[in-house]
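Just so you know, these numbers come straight off a predicted model, no measurement behind them. Hydrogens, waters and symmetry mates are skipped; everything else that's a heavy atom, side chains included, is used. Letters go in sequence order (proteins before strands), and every chain restarts at 1.
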There are 2 protein chains.
Amino acid sequence: MRIGELSERTGASRRLLRYYEEQGLIVSSRCANGYRSYDEATVDRVAQVRGLLDAGLPTRIIRQILPCLDKPRAIHFPDATPEMLATLEEERDRMTARIRCLTRNRDAISEYLEAVRAGARADAASAPGGGGG
Amino acid sequence: MRIGELSERTGASRRLLRYYEEQGLIVSSRCANGYRSYDEATVDRVAQVRGLLDAGLPTRIIRQILPCLDKPRAIHFPDATPEMLATLEEERDRMTARIRCLTRNRDAISEYLEAVRAGARADAASAPGGGGG
DNA sequence: TCGGACCCTCACATCGGTGTGAGGGTCAAC
DNA sequence: GTTGACCCTCACACCGATGTGAGGGTCCGA
């Protein structure tokens, strides 16, 4: 597919898709006329990239971790230098920290929302038609 | 405590602490001489803010969700307009999505690391002193 | 052969989080 | 009364993710 369709299917602007490619996050082949051509899997790839970007990872890191998510069954060990592995472990730990932080705060929001709803119900029951102070 | 100590204890630069204050994420009182003065709880608050920032939330959103995390037991219902609640629900869902994305990818990284380690062990066992292809 | 929808490559603009420095005050210690 | 560590308020600089627009090609259908 060409960039327009990919853009529509992923919600990412064309500009952004070119940027991702420039950053090495997605790849494209070129048609004879120079147009970019993407295969089906790129749709998922873009979603993944955008998810990670939205979760606070910079493109530099995403570029590093993507290759090892791609081919979960066909891992190329020569790719994995010791520094690379160290980076991955570090990044995994950072992600775990992020997950914990997000989870804690999300749960607090949920609690708050429930409390507000419970309070609103109590309010309605104890003073129907009136306001609580 | 003054800004220098807070900076040291949180790892956030003074500049950043002033920025957070400007963004309404932390508060300070002022000494007679104009110096900012923070109470103990601000240390945790800064950590929370930085965690959320690192997880991809913009200050605008953090400012909105912080008040409802602060006082989990002393909720002020008048604060909560319906739009506010809607925003919170939205944000909670976005956080859930982030958590899922991070978890999925982190687990994939973990799997990769384990596979590499297993491969390395197998390599070492089958061809000690040699290289695997 | 034209128009319009699509694509290309620059390249500059914007926005948010952060660094850095100028110019200047406060205060404790010598 | 000077020095040095701390604080203040600007204000500009930077970087990364993204928008926008200029200038120009390709291709399809009227």
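One finds a salt bridge joining R117(B) and E89(A) here, because a Lys/Arg side-chain nitrogen approaches an Asp/Glu carboxylate oxygen to under 4.0 Å. Remark: R98(B) engages E91(B) in a salt bridge, criterion side-chain N to carboxylate O under 4.0 Å.
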Sub-3.5 Å pairs of nitrogen or oxygen atoms, protein against nucleotides 11-15 of chain D:
none

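Rounded to a whole Å, the CD atom of E22(A) is 14 Å from the C1' atom of dC8(C). Residue R14(B) contributes atom CZ, which lies 14 Å from atom P of dT9(D) at whole-angstrom precision. Put simply, CG on L16(B) is 15 Å from P on dG16(C), counting in whole angstrom units. Atoms CD (E5(B)) and P (dA5(D)) sit 18 Å apart, rounded to a whole Å. If you take CD of Q23(B) and P of dC15(C), they are 14 Å apart, rounded to a whole angstrom. Nucleotide dT18(D) holds its C1' atom 10 Å from the CG atom of L53(A), rounded to whole Å. Rounded to whole Å, atom P of dG17(C) lies 15 Å from atom CG of L17(B). For the pair R63(A) CZ and dG16(D) P, the computed distance is 10 Å after rounding to whole Å.
Among the heavy atoms of the strands lying under 4.0 Å from R18(A) is at least one base atom, whether or not backbone atoms are also near. Contact annotation for R36(B): backbone-only contact, meaning every heavy-atom pair under 4.0 Å involves sugar-phosphate atoms and none involves a base. Contact annotation for R30(A): backbone-only contact, meaning every heavy-atom pair under 4.0 Å involves sugar-phosphate atoms and none involves a base.
Look at N33(A) and you'll find a side-chain N or O under 4.0 angstrom from OP1 or OP2 of dC27(D). One finds a side-chain N or O of T59(A) lying less than 4.0 angstrom from the OP1 or OP2 phosphate oxygen of dA17(D). Y19(A) has no side-chain polar atom (N or O) that falls below the 4.0 Å cut-off from OP1 or OP2 of dG19(D). Residue Y20(A) places at least one side-chain N or O closer than 4.0 Å to OP1 or OP2 of dT18(D). At dT18(C), none of the side-chain N or O atoms of S13(B) fall inside 4.0 Å of OP1 or OP2 (strictly under the cut-off).
The nearest pair of heavy atoms linking L53(A) to P58(A) is CD1-C, 4.4 Å. Here the closest heavy-atom approach between residue R94(B) and residue D54(A) is recorded as NH2-OD1, 3.3 Å. A pairwise comparison of heavy atoms in L57(A) and I62(A) identifies O-CD1, 3.7 Å as the closest pair. Between L6(A) and V43(A), the shortest heavy-atom contact is CD1-CG2, 3.8 Å.
Side chains of D39(A) and T42(A): a donor on one and an acceptor on the other come within 3.5 Å.
Nearer the 5' end of DNA chain D, as judged by each residue's closest nucleotide, is the contact made by R50(A), out of R50(A) and Y35(A).
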